[in-house]
Amino acid sequence: MNAPPPTTPILSLRGIGKSYRLRGGLLARLRGRTPRLDALRDIDLEIRRGDIVGIVGESGSGKSTLGRIVVRLLEPTEGVLSFEGTALSEGTSRSLRAYRRRVQMIFQDSGSSLNPRKRIRRTLHEALRAAGVPRGRCNEEIAQLLRRTGLPEGILDRHPHALSGGQRQRVNIARALAMQPELLVADEPVSALDVSLQGQIINLLIGLAAESGLTLIFISHDLAVVRRICNRVIVMQSGVIVESGTPSEVMENPQHPYTRKLLDAVPKGLRESA
Amino acid sequence: MSAAAPAFLEVSDLRIGFPGRAGDVPVVHGVDFALSAGETLALVGESGSGKSLTALSLIDLLPGGARRLGGRIRIGENQLDTLSSNAIRKIRGGEIAMIFQDPLSALNPAFTVGRQLTDAIRSHHPLSRGAAAKRAEELLDLVGIPSPKARLHSFPHEMSGGQRQRVAIALALASGPKLLIADEPTTALDVTVQAQIMALLARLRQELGLAILLISHNLDLVAEICHRVAVMYAGRIVETNTVEEIFRRPQHPYTRMLLDCIPRLDDRPGPLATIPGEPPLFGKLPSGCPFRPRCPAAHERCLAMPPAFPQEAGQAACWLAA
Amino acid sequence: MNRLVRAFGGPTGLIGGAIVVLVIAMALLAPAISPFDPDAVALDRQLTPPDLLHWFGTDQSGRDILSRVIWGARPSLEIGIGSVLVSILFGLPLGLVAGFNQGSWVEQVIMRTLDAVAAIPTLIWAIAVVGILGVGVSQLGPLAIGNQTKVTILLGLLYIPGLARIIYVATLVEAQADYVAARRLQGVPGWKILFSDVLPNTLSPVIVHATLQIAVGIILEAAISFVGLGVQPPAASWGNMLAASRNFVFSGEWWLSVFPGLFISITVIGFNLMGDGIRDVLDPRRKLTMAPA
């Protein structure tokens, strides 16, 4: 892969904010003073090509909102998001669609990440067609996707509910890969899975990232996982970044009290330190 | 726990199955365990291991046509299989209580927390409305809800996930149970809240002398509050021991791998340890040892014959275990 | 047999389905199975109680009640089913568009308008409008609209708010689903997502609602015909047969009112049982409980 000069980040966020207007009472609305909820404030972030960035935080920290802004499922209310140096905030819907294909998202296996009425073959076929793969090549490409994500061919004619949670997450990944993205946002991709299967999915993700030069944003509440697979960590609380750095910096020498609180809460088990 | 104290709960040879086209398909194949007052036992395994079914069978709430195919369950003085369903319902509401992964499933969104608690209390104890409200306040205080009196007037949706789980626990305690079953009680919660709920369960066990049966897929999580661990795989307990021994000398390869695959904060960067493959589907057990297809140490004997179930602590259902 | 029971969501659903099939077959085969001409007046056989020749007896003009009940199934079913089709034709797109554009002015305009319509009781609306338009054939430009068509369209329009709201709520839920987000990320335009992904997932509640609504339509037809604004005599409908039997209820000629009433009840029960059965079949939660925990 011919990487552009390493000085241009693949993605940069400048002063990104997202706020929602709450309904409020009639009186408040007439005065133009509806209460505002800041889901994100002043997010500055630069992501280099090939990075694996972990975003950790608890519910309400804004980590998922940030992920959805990066793939432009949500529009920021403030700030500028640039992809390979080009600002995207004033995008037309056509350029927005083009951008979205270069960034993809892996969703949590919440039971709604795959259309319950579509067989897996159809889900993958539609993704490939949307990526511009000619109809005649789709079967070949589907086989390729199955190989890359370690899925057996037999699942193609099943509906999502007939798959195991681990298989569904692999399909989720295959669907994203069909678009040949450059940046992948994984939002809690394993939190609905058993510990015994989480490793399989995470290893698959980092393997694919290494293999095709993907940049990966990994949103998680699991600090131990982030520690192992990411080369940068961002800790978020109440819509702001409270700490960032390399995993060893953040985990071994946390500066912010919230980071320390999160680290303390990780169950340690009874194993002696390695 | 001393072996002399008679266990409060005793389960032996419990078998559970789902109805299939050709008769019942067994999914829990003979589970034995015992649990005493003031003790916490963790049932640990992957989804599909039968751990939740085992727990649900104790309160006679098996889902979707599943039913007990055999075995005995003794709760206190009562042998569950000899009781009428009416008597079982009494035990279920009285001596056994259960909390779930999603506290909202136990709470009625239309009523205040106080109303639900007082209703639950009054259905078990002949108390006046005022006295029951007082007791409800005490329960909320017991589970660590700040300003419990004011909170009686809150609705479930006005509370955070952690607080809802606390209320669900208070509701479970309303009948004065001796056994609390907690099925993945913190899976839906944030890490920091998870630690608080686990600490709460440990405190309740100590203060009320509760027996707690904790269902989880994460050994590290249960380790902090349980005394004994029973590891379940494909409908069987494959190893049971004190939590210290499970961590120090895991006997079954599955237990060992389960421990290894939980990432830890002091790990070096790199890929995660995994258990290859997936647990077997219901009713489709491989020949020989059920764990064989995923086991790195499997050999011919594992293919030929299933290993014996562990009879006592320190044994494992494995040909290789000492 | 077992599969048939499952397809209708249990034995009661199957019974409902069987009733519906029988009633529809009866209406379709009316020319073949009705023993007499339903409109043939026989002045020598007025008000005869049920006997071997006239199983359900005859009415004040000597017409065979059984034949009239068989033929009367047609307008009842036509109005019941037709009005639901009319409501789907308009309610489905309205609900979809409102649900998919949550938070926009489109949603507000559609839903508030429907709320306003829904605030007026259906039966009173229907009677008022038919009363104003008159029961005869209305000329709408080149179209001649008969009274039955009028009632069908009117009921259909009045059902729209209820149906649209059901689709609206289902669409709101589906539009939030991650698989819809995934389609957006593939650059698929919104209208295409709406039709190929959202719409199929909102259909189950619509089907259930429609089935139950057919039963309501049959009752409303009877009510409107009972007050003389529906199907006009001499054509038979269950509603106007009941209306005509009014004068005989207390004079002992029970068969005039009992048989049409019985068929209304059985048909309504049939559609209701079938609707409940379909709900059980389509309810995804039922599938969840089938899967082992």
Side-chain angles (χ1 to χ4, degrees), chain A residues 52 56-61 150 162-167 170 190-207 210 220-231 237 246-248 250-252 254 258 260-274, chain B residues 44-49 160-162 184 186-196 198-199 216-226 229 233 242-248 250 254 257-279 281 294:
Chain A
I52 298 182
V56 295
E58 296 188 293
S59 48
S61 65
L163 267 53
S164 69
Q167 287 174 329
R170 288 173 195 268
V190 296
S191 57
L193 297 178
D194 278 308
V195 254
S196 54
L197 299 177
Q198 292 184 356
Q200 293 182 10
I201 299 297
I202 289 167
N203 289 348
L204 173 65
L205 273 176
I206 55 175
S220 175
H221 64 270
D222 192 332
L223 287 95
V225 169
V226 164
R227 159 93 211 235
R228 272 189 92 136
I229 66 162
C230 297
N231 52 18
Q237 183 193 21
T246 66
S248 48
V250 173
M251 312 270 175
E252 279 156 34
Y258 179 69
R260 256 170 268 151
K261 191 177 155 202
L262 276 182
L263 287 166
D264 285 342
V266 175
K268 308 289 188 303
L270 298 179
R271 291 170 292 182
E272 289 113 36
S273 293
Chain B
V44 176
E46 291 164 284
S47 24
S49 63
S160 69
E184 305 262 9
T186 63
T187 309
L189 301 176
D190 279 324
V191 230
T192 52
V193 184
Q194 168 175 295
Q196 294 163 12
M198 286 314 226
S216 177
H217 65 125
N218 190 330
L219 268 167
D220 271 2
L221 181 65
V222 300
E224 303 184 350
I225 74 159
C226 73
V229 177
Y233 188 77
T242 63
V243 64
E244 292 83 9
E245 281 299 305
I246 285 273
F247 272 86
R248 202 172 301 143
Y254 179 61
M257 293 172 89
L258 210 50
L259 280 169
D260 284 342
C261 69
I262 307 169
R264 301 154 76 198
L265 278 176
D266 47 11
D267 279 339
R268 264 161 232 289
L272 280 82
T274 65
I275 304 180
E278 296 207 8
L281 293 172
R294 303 174 75 186

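For chain A, the option among L219(B), L272(B), I275(B) with the highest count of heavy-atom pairs below 4.5 Å is L272(B). When A273(B), G45(B), G270(B), A188(B) are compared by the number of non-hydrogen pairs under 4.5 Å with chain A, G270(B) comes out ahead. Contact tally against chain A (heavy-atom pairs below 4.5 Å) for G277(B), S160(B), G161(B), P271(B): the top residue is P271(B). Between chain B and the residues R228(A), M251(A), E252(A), the largest count of heavy-atom pairs under 4.5 Å involves R228(A). The candidate from G60(A), S59(A), G199(A) with the greatest count of non-hydrogen atom pairs under 4.5 Å with chain B is S59(A).
Minimum heavy-atom separation, Q194(B) to P267(A): NE2-CG, 3.7 Å. When all heavy atoms of S196(A) and L258(B) are compared, the pair lying nearest together is CB-CD1, 4.1 Å.
For L221(B), the parts sitting under 4.5 Å from any heavy atom of chain A are the backbone and the side chain alike. Looking at I206(A), the atoms closer than 4.5 Å to chain B (heavy atoms on both sides) all sit in the side chain, from C-beta outward. Neither the backbone nor the side chain of V222(B) has a heavy atom closer than 4.5 Å to any heavy atom of chain A. L263(A) touches chain B through backbone and side chain together, each having a heavy atom under 4.5 Å away. In this structure, chain A has a heavy atom under 4.5 Å from the side chain of E224(B), while its backbone stays farther away.
Using a 4.5 Å heavy-atom cutoff, the side chains of E245(B) and P250(B) are not in contact. Side chains of M257(B) and P276(B) form a contact here, defined as non-hydrogen atoms less than 4.5 Å apart. S191(A) has its side chain out of reach of D222(A): every pair of non-hydrogen atoms, C-beta onward, lies at least 4.5 Å apart. Under the 4.5 Å side-chain criterion, counting only non-hydrogen atoms from C-beta, T274(B) is not in contact with C261(B).
Residues K261(A) and E58(A) are not paired through a salt bridge, judged by the lack of any N-O separation under 4.0 Å between the basic side chain and the carboxylate.
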